[in-house]
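Contents: one structure, followed by commentary.
Hydrogens, waters and symmetry mates are skipped; everything else that's a heavy atom, side chains included, is used. Just so it is clear: chains get the letters A, B, ... in the order the sequence lines come, proteins before strands, and each one is counted from 1. What you see is a predicted model; the values in this text were computed from it and never measured.
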Amino acid sequence: MENLSTLMGKYGDEGDKLIFKILNSGNFMSSVSPESPMYKGNFNVVRDPNTGLMKVDTEKISKDLLPAISEKALRYDLTVPFARYVVQHQNEISFPFKRYQIQPVWRADRPQKGRYREFYQCDADVIGSNSLLNEVELVQMMDDVFTALGLGVMIKINNRKILSGIAEVIGEKEKIVTITVAIDKLDKIGKDGVNKELQENGVSDAAIQKLQPLIEFTGSTAEKLNFLRSLLASSEIGLKGIEELEYVFKTVDASGLSTANVELDITLARGLNYYTGAIFEVKVNDSRSEFTSSITGGGRYDDLTGIFGLPNMSGVGISFGADRIYDVLLELNLFPESVTASTKLLFVTFGEAEQTYCLPLLSRVRKAGVNAEVYPDANAKMKKQMGYADDKKVPFVVIVGGDEMQSGQLAFKNMTSGEQEKLTIDQIIERLM
RNA sequence: GUGGUUGUAGUUCAGUUGGUUAGAACAUCAGAUUGUGGUUCUGAGGGUCGUGGGUUCGAGUCCCAUCAUCCACCCCA
């Protein structure tokens with residue numbers, strides 16, 4: 001949970017709407033009085049344009065009322081609260097500061113495929129360093145993670161400075177957000193759709209014309225960079241962006257990636273208000289999957305801490321979307337069976353005496369580092385206990401009855417092969433190590 | 001915020017022009033099998049048909065409202 005004021009205004013107008021607000025605890029109306037702003041202007045009575053009748057302007061009241069009854073909100077992401085944390089603890093932190101954080105965040109959005117009201121983000125950030133090596137390390141981290149998960153991905157990289165340069169060069173510097181939002185939709189609505197949207201949002205025809213070679217351009221990352229260099233020749237910030245991208249691609253290339261692919265995607269905007277340099281987005285790049293949503297994103301922010309009173313603190317970070325990644329792994333059946341097999345050895349017994357006999361053995365097995373359990377219901381039938389082991393994919397079972405207690409030679413069964421042999425507990429532990 | 005979809009057993013779904021006691025599969029539980037799991041066979045339990053109202057002799061079925069759900073738009077910070 002965060003103070004509402006910490007979150008508001010950080011994610012743009014749309015973001016403000018999507019923050020889950022929380023009513024004040026206790027009497028949440030206690031701070032509402034006749035002196036409250038909501039009462040001013042005679043309850044904000046307005047004429048309804050449709051009916052011509054007078055009515056209370058509930059929208060206005062709602063807006064005025066909100067600050068009085070809600071001071072807290074659910075985290076919208078992990079990055080802004082992280083920036084707040086860094087500012088508050090700036091004297092205790094040595095920079096550059098690295099941290100990871102895995103926690104749920106909330107959106108008051110209407111849920112749909114791949115979009116949840118509550119979902120887990122896994123953030124990794126480095127703050128307090130301008131070095132582009134951090135960008136490279138994050139790319140390597142993404143490669144490591146998705147390689148380990150066995151998922152083919154495309155890491156798309158862009159740079160906010162290039163987007164600024166483009167807006168500058170086509171003479172629509174102030175319309176950068178409109179332009180990037182529109183270009184971002186290129187693969188979805190096509191070139192004509194993008195142009196239409198730009199036009200509707202007041203971008204001049206001349207500017208749109210200048211933009212055409214850019215959205216039509218195709219080629220390798222190196223070709224794109226060359227193309228951009230000529231296009232953005234007059235833009236200082238644009239050239240800076242190219243320089244940064246060149247370093248990142250060159251260094252990533254030199255260090256080598258295991259399985260992930262990287263590409264420069266000029267249309268990548270990620271609408272994020274606070275990104276100032278690199279922008280990352282990861283999409284599934286696997287012929288077996290239909291998944292089109294991004295599963296990881298991030299970028300560099302130069303002044304996120306500035307909002308909370310600590311200027312000149314640049315950071316860069318990424319956020320893995322745990323739920324979407326889970327969805328993809330589920331779709332592709334990439335969860336190994338061993339994930340659900342937490343218990344390695346199950347003691348099957350024939351009664352309370354046997355169960356009691358097993359308890360010290362259980363401790364010994366556990367101390368040896370083997371996950372084990374005794375079936376808790378001492379009177380359960382053997383079929384039941386074996387069925388439990390089977391369902392849980394427990395690979396080994398020890399069966400203990402009167403004979404075993406006498407001899408110390410326990411029936412050790414391999415559930416996969418069905419083979420069974422008589423062994424002492426020490427021999428069993430040895431087998432499982 | 002806008003448009004649409006679907007709400008029936010634990011799950012996935014049938015359910016005729018409105019008509020007797022709302023079905024199936026899978027899952028669960030029990031038995032076949034008293035020291036051995038998966039397969040098979042037999043049986044059993046499990047439903048306020050999302051909720052509230054209305055029409056009707058009669059509503060799972062038709063109408064209205066409401067809640068939830070999923071999909072798309074907007075947006076994706």
Could you go step by step and tell me if A:Lys392 and A:Glu373 meet the salt bridge (Lys or Arg N to Asp or Glu O under 4.0 Å) rule?
-> CA-CA 12 Å; A:Lys392 271 192 78 166; A:Glu373 60 182 310; 2.9 Å; yes
With [atom1] as the reference atom in both, quote the distance from [N] to [M] in angstrom, rounded to an integer.
N	M	atom1	answer
B:A44	B:G53	C1'	38 Å
B:A27	B:U40	P	9 Å
B:U17	B:U12	P	26 Å
B:G10	B:U51	P	13 Å
B:U11	B:G1	P	29 Å
B:G46	B:U34	C1'	30 Å
B:C73	B:G15	P	30 Å
B:A9	B:C76	C1'	39 Å

Derivation and outcome, side chain to side chain contact (heavy atoms under 4.5 Å, CB included), residues A:Ser293 and A:Lys113 = CA-CA 9 Å; A:Ser293 314; A:Lys113 190 173 196 138; over 6 Å; no
List, with names and distances, any nitrogen or oxygen atoms from the protein found under 3.5 Å away from nitrogen or oxygen atoms belonging to nucleotides 34-37 of chain B.
from, atom 1, to, atom 2, distance (Å)
B:G35, O6, A:Glu404, OE1, 3.3
B:G35, N1, A:Glu404, OE1, 3.0
B:G35, N1, A:Glu404, OE2, 2.9
B:G35, N2, A:Glu404, OE2, 2.8
B:U36, O2, A:Lys413, NZ, 3.0
B:U36, N3, A:Gln420, OE1, 2.7
B:U36, N3, A:Gln420, NE2, 3.2
B:U36, O4, A:Gln420, NE2, 2.4
B:G37, O2', A:Asp390, OD2, 3.1
B:G37, N7, A:Lys413, NZ, 3.4
B:G37, N1, A:Met415, O, 2.5
B:G37, N2, A:Asp390, OD1, 3.1
B:G37, N2, A:Met415, O, 2.7
B:G37, N3, A:Asp390, OD1, 3.3

How long is the line joining [atom1] of [X] and [atom2] of [N], in whole Å?
X	N	atom1	atom2	value
A:Leu346	B:G38	CG	P	15 Å
A:Tyr275	B:C76	OH	P	13 Å
A:Ile19	B:C76	CD1	P	14 Å
A:Gln121	B:C76	CD	P	15 Å
A:Lys392	B:G38	NZ	C1'	18 Å
A:Arg107	B:G1	CZ	C1'	17 Å
A:Arg117	B:C76	CZ	C1'	16 Å
A:Tyr274	B:C76	OH	P	13 Å

Do A:Asn371 and A:Thr343 meet the criterion of a side-chain donor-acceptor pair at a distance under 3.5 Å?
->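 No pair is found: no donor N or O on one side chain lies under 3.5 Å from an acceptor on the other.
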Examine the side chains of A:Thr296 and A:Glu281 and answer whether a donor and an acceptor come within less than 3.5 Å of each other.
->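 No, no side-chain donor-acceptor contact under 3.5 Å.
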So A:Leu7 and A:Lys10, side chain to side chain contact (heavy atoms under 4.5 Å, CB included) or not? Walk me through it.
-> CA-CA 6 Å; A:Leu7 266 26; A:Lys10 310 299 185 296; 5.6 Å; no
Under 4.0 Å from any atom of RNA chain B, heavy atoms only: list the residues of residues 314-328 of chain A that qualify, in numerical order.
->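 Residues of residues 314-328 of chain A that come under 4.0 Å of RNA chain B do not exist, since none gets that close.
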Qualifying residues under ring pair (Phe, Tyr, Trp, His ring centres under 6.0 Å), relative to A:Phe308, sequence neighbours excluded |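 Applying ring pair (Phe, Tyr, Trp, His ring centres under 6.0 Å) to A:Phe308 gives none.
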Ring pair (Phe, Tyr, Trp, His ring centres under 6.0 Å) with A:Tyr85: which residues, sequence neighbours excluded?
->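 A:Tyr85: ring pair (Phe, Tyr, Trp, His ring centres under 6.0 Å) contacts with A:His89.
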CG of A:Asp143 to CG of A:Asn261: how many Å apart, nearest 0.5 Å?
->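 Here the interatomic distance stands at 9.0 Å.
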Passing option when A:Ser204 is tested against A:Glu172, A:Gln199, A:Lys175 for side-chain hydrogen bond (donor to acceptor under 3.5 Å, both in side chains) |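 That would be A:Glu172.
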Short N-O contact, [X] and [Y], less than 4.0 angstrom:
X	Y	value
A:Arg99	A:Asp125	yes
A:Arg117	A:Asp109	no
A:Lys240	A:Glu244	yes
A:Glu135	A:Arg300	yes

Do the rings of A:Tyr76 and A:Tyr11 sit parallel, tilted or perpendicular, given the 30° and 60° boundaries?
->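 Correct class here is tilted.
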What would the secondary structure line of RNA chain B be in dot-bracket form, counting Watson-Crick and G-U wobble pairs under 3.5 Å, with [ ] for pairs that cross earlier ones and | for pairs with another strand?
-> ((((.((..((((.....[...)))).(((((.......))))).....(((((..]....))))))).))))....
Ring centers of A:Phe347, A:Phe396 separated by less than 6.0 Å =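 Here the rings of A:Phe396 and A:Phe347 have centres that are no less than 6.0 Å from each other.
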I'd like a list of close polar pairs between nucleotides 70-73 of chain B and the protein, N/O only, cut-off under 3.5 Å.
from, atom 1, to, atom 2, distance (Å)
B:C71, OP1, A:Lys113, N, 3.4
B:C71, OP2, A:Lys113, N, 2.5
B:A72, OP2, A:Gln112, OE1, 3.3

